[in-house]
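No hydrogens, no waters, no symmetry mates; every other heavy atom, side chains included, goes into these values. Numbering of ligands and ligand atoms starts at 1, following listing order. Predicted model only: the values in this text are computed from it and were never measured.
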Amino acid sequence: MHYTFEQYQQSADCIRQKIGSFTPKVAMILGSGLGYMGDIVENAIAVPYGEIPHFKASTAPGHKGRLVFGTLEGVPVAVMQGRMHHYEGYSYEEVAYAVRVLRLLGCDTLIVTNAAGCVNMNWKAGDLMLITDQIKIFMESPLRGENLPEFGVRFPDASHLYTPALQEVARKTAKELRIPLKEGVYMYFPGPQYETPAEVRFARIAGADAVGMSTAPEVIVAGHCGMRVLGFTLLSNMAAGILNQPLSEQEVLDAAEACKDKFSRLVLACLKELG
Ligand code: HPA
């Protein structure tokens with residue numbers, strides 16, 4: 001099934017009725033560990049996904065399933081507390097549905113964060129990475145199907161999915177805060193099983209620095225509809241096969257908790273610069 005432009009509009013209209021004249025500028029999709037930022041939004045209006053027509057529920061652990069509108073660092077934002085993943089059973093179009101709705105509501109910028117496995121052997125678990133590019137091969141595109149020209153062109157350029165000027169803001173901000181920030185390529189794997197060691201070696205040869213199960217579909221859709229994108233990865237664990245130990249969700253959640261403070265300081269400081 002493919003969504004029509006009218007369906008995106010219906011979702012946006014429903015939200016507009018709840019948020020009145022408030023116009024969000026920056027959309028934020030926050031992964032493991034940073035979802036709490038939705039709770040610190042000022043003058044918040046929370047809209048559960050279940051109340052929005054055509055929205056899907058998020059079933060991933062630690063993901064709340066609501067949109068929070070309000071201000072953060074003085075910037076009007078829409079925070080997605082809980083994102084959809086392909087491994088939950090959703091199509092890529094469904095995974096990225098909210099991005100287009102937020103675009104219709106006025107967001108011109110998207111900040112995405114995630115937790116991912118570290119492929120780069122020179123780095124360690126707990127490091128933060130600025131995403132400079134992504135690899136999403138093998139899987140179909142969220143843009144597959146009839147193109148909706150209201151959002152963008154049939155064959156969108158993907159040379160700069162992660163906006164160079166925003167990357168520069170992140171580098172400068174990290175330096176000012178003295179938060180070490182790696183930069184590299186995020187490679188998408190659909191999960192829900194973690195990668196095999198052979199897949200991780202493949203990812204490294206392919207040019208990836210991190211492997212994860214989110215973000216890439218939403219960023220493709222954001223690029224298509226002309227949004228600026230800034231992305232960060234928390235390298236929550238060394239990817240499979242690097243250390244002689246199995247991967248677990250608990251390890252990811254523990255790392256997210258341990259890095260929450262530096263990660264949120266960086267994201268909030270960047271947000272302030274974008275406002
Ligand atoms: N692989 C994929 N997704 C992840 C990982 C990983 O190692 N860690 C956190 N999310």
Side-chain angles (χ1 to χ4, degrees), residues 28-37 58-64 80-90 92 95-96 111-140 142 161-162 181-220 231-264 266-267:
M28 304 177 80
I29 306 181
L30 304 171
S32 310
L34 286 194
Y36 86 94
M37 272 199 203
S58 161
T59 64
H63 290 245
K64 254 184 186 163
M80 278 192 82
Q81 269 187 319
R83 58 151 56 101
M84 284 32 127
H85 302 82
H86 189 64
Y87 63 71
E88 295 172 90
Y90 302 125
Y92 289 115
V95 165
I111 297 182
V112 278
T113 75
N114 58 51
C118 182
V119 170
N120 189 316
M121 304 275 238
N122 298 319
W123 302 348
K124 58 182 193 315
D127 284 350
L128 297 181
M129 182 184 95
L130 171 67
I131 310 177
T132 56
D133 204 350
Q134 68 181 34
I135 301 173
K136 181 194 181 300
I137 43 176
F138 308 136
M139 283 67 66
E140 70 182 35
L161 280 183
Y162 294 87
L181 184 61
K182 312 289 191 210
E183 38 187 282
V185 174
Y186 176 88
M187 184 165 181
Y188 175 84
F189 281 83
Q193 75 286 354
Y194 291 112
E195 299 70 30
T196 64
E199 285 167 340
V200 170
R201 287 195 296 276
F202 169 77
R204 188 177 303 117
I205 293 166
D209 296 288
V211 285
M213 306 176 198
S214 67
T215 304
E218 297 101 307
V219 169
I220 290 172
F232 296 101
T233 290
L234 161 65
L235 299 158
S236 54
N237 53 281
M238 294 311 284
I242 296 179
L243 305 177
N244 190 20
Q245 63 186 50
L247 305 191
S248 75
E249 186 186 345
Q250 197 53 49
E251 185 184 4
V252 174
L253 296 176
D254 289 349
E257 187 58 34
C259 298
K260 197 166 145 176
D261 177 59
K262 72 169 174 179
F263 203 2
S264 43
L266 176 61
V267 172

For residues 205-213, run the donor-acceptor check on the side chains, cut-off 3.5 Å, and write out each pair with its distance to 0.1 Å, sequence neighbours left out.
unit_1	atom_1	unit_2	atom_2	d
Asp209	OD1	Asn120	ND2	3.0
Asp209	OD2	Val185	N	2.9

Could you go through ligand 1 and note, for every N or O atom, any protein N or O atom closer than 3.5 angstrom, writing the atom names and distance to 0.1 Å, or 'none'?
unit_1	atom_1	unit_2	atom_2	d
ligand 1	1 (N)	Glu195	OE1	2.7
ligand 1	1 (N)	Glu195	OE2	3.4
ligand 1	1 (N)	Val211	O	3.4
ligand 1	7 (O)	Asn237	ND2	3.0
ligand 1	8 (N)	Gly117	N	3.4
ligand 1	8 (N)	Asn237	OD1	2.7
ligand 1	10 (N)	Ala115	O	3.3

> Taking the side chain from Tyr87 and the backbone from Gln193, do they hold a donor-acceptor pair closer than 3.5 Å?
Replying inline: no

>> I need the minimum non-hydrogen distance between Ser264 and Met37, along with the two atoms involved.
In response: CB-CE, 3.2 Å

>> Which heavy atom of Lys124 sits nearest to which heavy atom of Met238, and what is that distance?
In response: CA-SD, 3.9 Å

>> Glu140 vs Tyr92, test: side chain to side chain contact (heavy atoms under 4.5 Å, CB included). Steps then yes/no.
In response: CA-CA 8 Å; Glu140 70 182 35; Tyr92 289 115; 3.7 Å; yes

> Per the side-chain hydrogen bond (donor to acceptor under 3.5 Å, both in side chains) rule, which among Thr113, Asn114, Thr215 passes with Thr233?
Replying inline: Asn114

